[in-house]
Structure formats: structure tokens, C-alpha cells
2 protein chains.
Amino acid sequence: MTLNDTLLRLKTLGVKITPQRQEILKVLLGEERYYSAEEILKKVQERYPAVSFDTVYRTLYLLKRLGLVVELNFQGGHRRFEFNHEDKHHHHLVCLKCGKSQKLSCCPTDCLTRIKKEHPEFAITSHSFEIYGYCRKCQGLESLG
Amino acid sequence: MTLNDTLLRLKTLGVKITPQRQEILKVLLGEERYYSAEEILKKVQERYPAVSFDTVYRTLYLLKRLGLVVELNFQGGHRRFEFNHEDKHHHHLVCLKCGKSQKLSCCPTDCLTRIKKEHPEFAITSHSFEIYGYCRKCQGLESLG
DNA sequence: CTCCTAGATCGTAATTATTCCGATCTAATT
DNA sequence: AATTAGATCGGAATAATTACGATCTAGGAG
Ligand SMILES: [Mn+2]
Ligand SMILES: [Mn+2]
Ligand SMILES: [Zn+2]
Ligand SMILES: [Zn+2]
């Protein structure tokens, strides 16, 4: 998904295209990874020093409602956001020490179809699946804080 | 798992058994569901009015390190804790409106074994798998806040 | 049983993350 | 160019979590 595609999509949905929103999207589309709200704020401030957390959060939640952004809630209460690249739905292998992550090649679709059958009255909108542990570098250092 | 079993386990591990810790365990063992830190504080305060958040959080993290408690991080940044009943490992179907949940009958074990093979250098310690949406009661009310 | 001490708790303050809000601004339509 | 619904800013408010010094106590030694 390119920036222009995304902007077109927003325009179609009747959402205003502001420079701040464009800049937030540029960050999210820049590297294919997840970001904290603060990381996004810092990056956007390089171009627009006056931008506020309010704008970042409002934009992220807007994009989430539109299905363009995914919210990730990791162990320890760490909240992250990443662009929802079409056909690139994925989950993460997250190191509890350094926070680095790798994409997982696998999504529990069989569980999902089973649960849909078992709970037909429940309107499923999303799911999360993350695996935690320690990467090679951080093994043995778990207890050193 | 009963309270006495758990206390014995803690004793074996060289952890002090305080009345506050016992009370927190009683809450967690009482109903087989997850709790917020605040819910636990309130319940424990019924017996020990002076107990503090500090004690609740420290105890929860202690129990988590010992594998007796699981930390759940739901959409919206909601953090919950539940007792890790042996052989009752499970995941949740969570309503985004009312917060009520149901146990899932299914754990993505095939994904997990696959990931272990693909990332033998990574030391996996835990995983999360939650499904979100709207329960029957809350359907159609999603947008009413 | 009493003493001792490492570790636990309390009370409160500090920190962090997120949300709220009134004043001002602006994208997009007319 | 004027209009206005919706967006942004700056800062305050709220909520969640962590920190810390003073005090207390569980559990082991004697
Ligand atoms: Mn990712
Ligand atoms: Mn549960
Ligand atoms: Zn998936
Ligand atoms: Zn599982």
C-alpha cells in the first residue's frame, strides 16, 4: 500500500486530509514495523514541531476504526500501532528484554474457523496472537532488568 | 489448584506467606476469571483496608514470575490478571463493548510447534491468543460508546 | 519463646500513558 | 472568497503504574 493509495482511500471515506495525518501515515508506511505513539510523535515533530499527542492518538484511532492500522497490546502493557498492509496480516515473536520482534509466518486460522462455528452469535472483528520469549542476544540476561 | 496447594508451592520456593498475599490469592482462586489490579485491590481491602496498589502489583508480578498468574493485555490497553490453573491453559473471546469474556476451547498449538522449529534460537516463554468482537447483547451498539 | 533480619507493606509522591477541552485554525465545499 | 464542520494546539486532567523512605513482620536461629 502506497501513501497515495491510502490518501485516496481516506478521501473516498470523506475524511479530511491534513498535513499532520499525511505525515503520520508516512511514518507508518516508512518501515514495515510497529511504533509506539511516542515514536510516531517524535518522527512527525521533525517536520511539524507543534504536533500534539492528541493529534497522534486521534489519528491512530481513526485509522484503526477504518481498518488501516492495527493496535498491538504486548506483555507489560506496551501498546504499539502498525499499518495494516493488505494481505500481510501477521503476528509477532517478541523479545521480552530488548523488545525487538520478528514477523510470524503463521496465523491460527483453524482455531478461528472453529470458534466461529462454536460461537455463531458472537460478531468477531479481530484477533491477536503473539509469542513471547528471549532472542538469542538476550538469553541469560532475562533477570538483569 | 487450591489455596493450600498454592501456599505450599510458595513456601517451597522460599517466598514469604503474608496475609495480604493469601488474600490476593483467595481473590484470584475464588472465581475462575480474570481481574483488573483495581478489582483485586478493592476485594482485598474488604478484609485489609490498608492494603496498597504497590502490594497488589508486586504480588501479581511475583506470581507471574513464578508462573502462577497470567497477564492479559486486551485491546484498548486493558490489563488483566488471572490465576494460571494447571492444565487449564486457555484463551478468550472478549466483547469490545461490555468487556465480558468466554473461555476459548482452542489453543494454536500447531502454530506454536511450527514457530519453535522455524526459530530454534528463540527461547519461547509464553504466548497470547485472544479473539475480539461483540457479544449478542452488544451487537448494533458498537458505536454508542 | 524471643530475637533478628531480609524482605514485605504502607502511605504517598512521582512518573507515564492517555484522554479531555476550550480556543483557534483550516480543508474542502460552495 | 466565504463558510463551516471538523481538525489541531497547548495544556490541564485523569488513569495506570512505579518508586521510595519509614515501618513492620514472617520465618529462621538460638
Ligand atoms: Mn508487524
Ligand atoms: Mn480466563
Ligand atoms: Zn491472525
Ligand atoms: Zn495457548
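Any value given below was found using the heavy atoms of this structure, including those in side chains, with hydrogens, waters and symmetry copies removed. In what follows, chains are A, B, ... by sequence order, proteins preceding strands, each numbered from 1.
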Please step through salt bridge (charged side-chain N to carboxylate O under 4.0 Å, His left out) for the pair Lys43(A) and Glu39(A), ending with a clear verdict.
-> CA-CA 6 Å; Lys43(A) 293 230 181 204; Glu39(A) 274 182 295; over 6 Å; no
Discussion item. Could you tell me if the side chain of Gln75(A) sits less than 4.5 Å from the side chain of Lys64(B), heavy atoms only?
Written reply: yes
Taken to the nearest whole Å, CG/Leu10(A) to P/dG6(D) is 16 Å
Are Val94(B) and Leu72(B) packed together at the side-chain level, in the sense that at least one heavy-atom pair is separated by less than 4.5 angstrom? no
In this structure, OG of Ser36(A) is separated from CZ of Phe81(A) (nearest 0.5 Å) by 9.0 Å
Here the gap from Ser126(B) atom OG to His89(B) atom NE2, rounded to the nearest 0.5 Å, amounts to 9.5 Å
When rounded to whole Å, the CG to C1' distance for the pair Asn73(B) and dA17(C) reads 14 Å
Looking only at dT8(D), dA28(C), dA26(D), the nucleotide nearest the Thr18(A) side chain is dT8(D)
What class does the angle between the rings of His127(A) and Phe129(B) fall in, given that below 30° is parallel, 30 to 60° is tilted and above 60° is perpendicular?
-> perpendicular
Q: Take Cys135(B) and Lys100(B) through the side chain to side chain contact (heavy atoms under 4.5 Å, CB included) test and state the conclusion after the steps.
A: CA-CA 8 Å; Cys135(B) 68; Lys100(B) 292 223 181 72; 5.8 Å; no
- Taking only N and O in the side chain of Arg79(A), is any of them less than 4.0 Å away from OP1 or OP2 of dT18(C)? yes
If each end axis of the helix from dC1(C)-dG30(D) to dT30(C)-dA1(D) is fitted on five C1' pair positions, the angle between them, to 10 degrees, is 30°
Atom NZ of Lys16(B) and atom P of dG27(D) are separated, to the nearest Å, by 8 Å
Check your understanding: Is any side-chain heavy atom of Leu63(B) closer than 4.5 Å to a side-chain heavy atom of Leu28(B)?
Key -> yes
inquiry  = With side chain to side chain contact (heavy atoms under 4.5 Å, CB included) as the criterion, how do Leu29(B) and Thr2(B) come out once you've worked through the C-alpha distance, each side chain's angles and the decisive distance to 0.1 Å?
reply    = CA-CA 7 Å; Leu29(B) 288 163; Thr2(B) 120; over 6 Å; no
Practice problem: Ignoring backbone atoms, test whether Gln20(B) places a side-chain nitrogen or oxygen under 4.0 Å from the OP1 or OP2 oxygen of dC10(C). | Solution: yes
Closest to the 5' end of DNA chain D, once Val15(A) and Val15(B) are matched to their nearest nucleotides, is Val15(A)
Numerically ordered, the residues 35-63 of chain A set in heavy-atom contact under 4.0 Å with DNA chain D is Ala50(A), Val51(A), Ser52(A), Asp54(A), Thr55(A), Arg58(A)
Taken to the nearest whole Å, CD/Gln22(A) to P/dT26(C) is 15 Å
